[in-house]
Protein chains: 2
Amino acid sequence: MPDQPQDSAPAQRKNLAREVVLTLRSDIISGTLPPGVALAEPALAKKFGSSRAPVREALIELEREGLVQFEATGRTRVRTLTEQDFDEIRDARIALESMAARRAAARWTPAASEFIERNIARQENASTLAELSRLDVELHEYVVRMAANQRLLALWQSIRWQFEMCLASTHRLQQKMAFKPLQITVSGHRLVLAALASGKPDVAAQKMAAHIEGSMEWSPSAAGVEEHPLERGAAAFSHS
Amino acid sequence: MPDQPQDSAPAQRKNLAREVVLTLRSDIISGTLPPGVALAEPALAKKFGSSRAPVREALIELEREGLVQFEATGRTRVRTLTEQDFDEIRDARIALESMAARRAAARWTPAASEFIERNIARQENASTLAELSRLDVELHEYVVRMAANQRLLALWQSIRWQFEMCLASTHRLQQKMAFKPLQITVSGHRLVLAALASGKPDVAAQKMAAHIEGSMEWSPSAAGVEEHPLERGAAAFSHS
DNA sequence: TTGACTCAAAGTGTCGACAATTTAAAGCTC
DNA sequence: GAGCTTTAAATTGTCGACACTTTGAGTCAA
């Protein structure tokens, strides 16, 4: 494990709320909790064997991450991502990550290149979509960390889970498309790495932007799948 | 008031916590609550005549906005901004706002130009630093809203108060510098407006980036003021 | 069958309380 | 007086409770 350049955990309060966040986040991204499902505090508290206080804080955190949505009445639901949401997340990623690449290029190291190369190699040998996604996110996070900007990292992390939700959701819809679009991704990674290693900030930023643009091109619209809600908001869901 | 293109308040839960956030935020930015001061929940609850629950939620929100910091022990303090923080915020703004300008340029309207022009005119007639700052932030927020991207807007808003904290803090330190650096800002605004109105995304993005870079150039370091903490963390402060 | 109305069940916002932990002061030794 | 130890105050994390609001099923009239 080479130099993870920036650690991001300056704040770490409570403990129980943290566990609730982790579990719910995982359930939402995996689709166990489908979009549109209501998340009632008493039910969740019972499920986690806690009181409502930690659950409440967890929901606030998940709202901040864009995974759930507060309604005006106060009720909380798993967020439904539309095609427009998909585009918005893409643009936000481009904004943050191309700046990250710009700064990262200026302080790039051989160790960083090595890390990215190993990551790409593992991507080429990946056997499942899930594994591929995990590696892809890992790579991008590494670049953002290399920018050594806590704000940039925090902003990126705050949309990270929405992005992963998009990814997972799309995967579930397009098993048929399989790996094809992801090969494009892998070749794009090589271009980005070359730009980073060359130490040219402008080029790195431009390549990163182009790469994200391309890798998120195969959106539901491009694939001709659903229209508005990425997945039909599953009304049928019973917790506990 | 022309088309405020994007409204950003889809979620709006609690009410008491909201009031606490507003008051504390204002006190922190104005310097009434100086950097480093500890914010204890019981004392704040007493001050606001509420229980700890709303205060707690408010502190979480302020942490998210970067105005306060949680320590590992759980204690909360008003955040101390360093020179590096200043640079980080600048870069984050450049990332978000140049993308915003790029998208805004594509959907620019005469009404938008009119709004910005009125804003610039008011800036030229502004008589206080505070007023000038307020107008400057208003202008930039308008551009971000014109991008019609909820994520971009949310990300921008999440660092907005840190930026205002920088501004206010710097103003308090450099009353002497007065308006000079802000004239640069005003002329930069005209360039940005021209690019936006021309409808060329690349140019708009580039001009916005250059403008922010320039307007945040007059940092404490450039002015040769303090080194690390932007302001000496005032240890002397008694609440209530 | 449809539609408005009623009313109980459920949910949120807020509160005060308690144990565990941390902080800061008082006390003691040298 | 300086430094370490003890002790009391303060603070956090979590809990259960209550009032008020929303939701939704069931009822009744048309």
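Every chain is numbered from 1 and lettered A, B, ... according to where its sequence line falls, protein lines coming before strand lines.
Distance, B:Phe70 CZ to C:dT21 C1': 17 Å, rounded to whole Å. One atom, NZ of A:Lys46, and another, P of D:dG16, lie 14 Å apart when rounded to the nearest Å. One atom, CG of B:Leu59, and another, P of D:dT12, lie 8 Å apart when rounded to the nearest Å. With rounding to whole Å, A:Asn15 atom CG is found 12 Å from C:dT21 atom P. In this structure, B:Phe48 atom CZ and C:dG13 atom C1' are separated by 18 Å, rounded to whole Å. D:dT11 atom P lies 11 Å from atom CG of B:Leu39, rounded to whole Å. In this structure, the CD atom of B:Glu71 is 19 Å from the P atom of C:dT21, given to the nearest Å. One atom, CG of B:Leu44, and another, C1' of D:dT12, lie 13 Å apart when rounded to the nearest Å.
No donor-acceptor distance shorter than 3.5 angstrom exists from the side chain of B:Arg79 to the backbone of B:Leu67, with no hydrogens or angles considered. At least one donor-acceptor pair under 3.5 Å links the side chain of B:Ser30 to the backbone N or O of B:Asp27. The backbone N or O of B:Ala148 lies less than 3.5 Å from no partner atom in the side chain of B:Arg103, so there is not a single donor-acceptor pair.
Between A:Asp85 and A:Thr82, the side chains place a donor N or O and an acceptor N or O closer than 3.5 Å (distance only, hydrogens not considered).
At the heavy-atom level, B:Arg75 lies under 4.0 Å from the strands shown only through sugar-phosphate atoms. At the heavy-atom level, B:Pro54 lies under 4.0 Å from the strands shown only through sugar-phosphate atoms.
For A:Arg77 and B:Thr73, each mapped to the nucleotide of DNA chain D holding its nearest heavy atom, the one lying further toward the 5' end belongs to B:Thr73. Of the two residues contacting DNA chain D, namely A:Arg52 and A:Leu16, the nearest-nucleotide position lying further toward the 5' end is that of A:Leu16.
The side chain of A:Arg56 places no N or O atom within less than 4.0 Å of a non-bridging phosphate oxygen (OP1 or OP2) of C:dT12.
A salt bridge is defined here as a Lys NZ or Arg NE, NH1 or NH2 lying under 4.0 Å from an Asp or Glu carboxylate O, and B:Arg56 with A:Glu57 meets this definition.
Closest to the side chain of B:Glu41, from the set C:dT12, D:dT12, C:dC15, is D:dT12.
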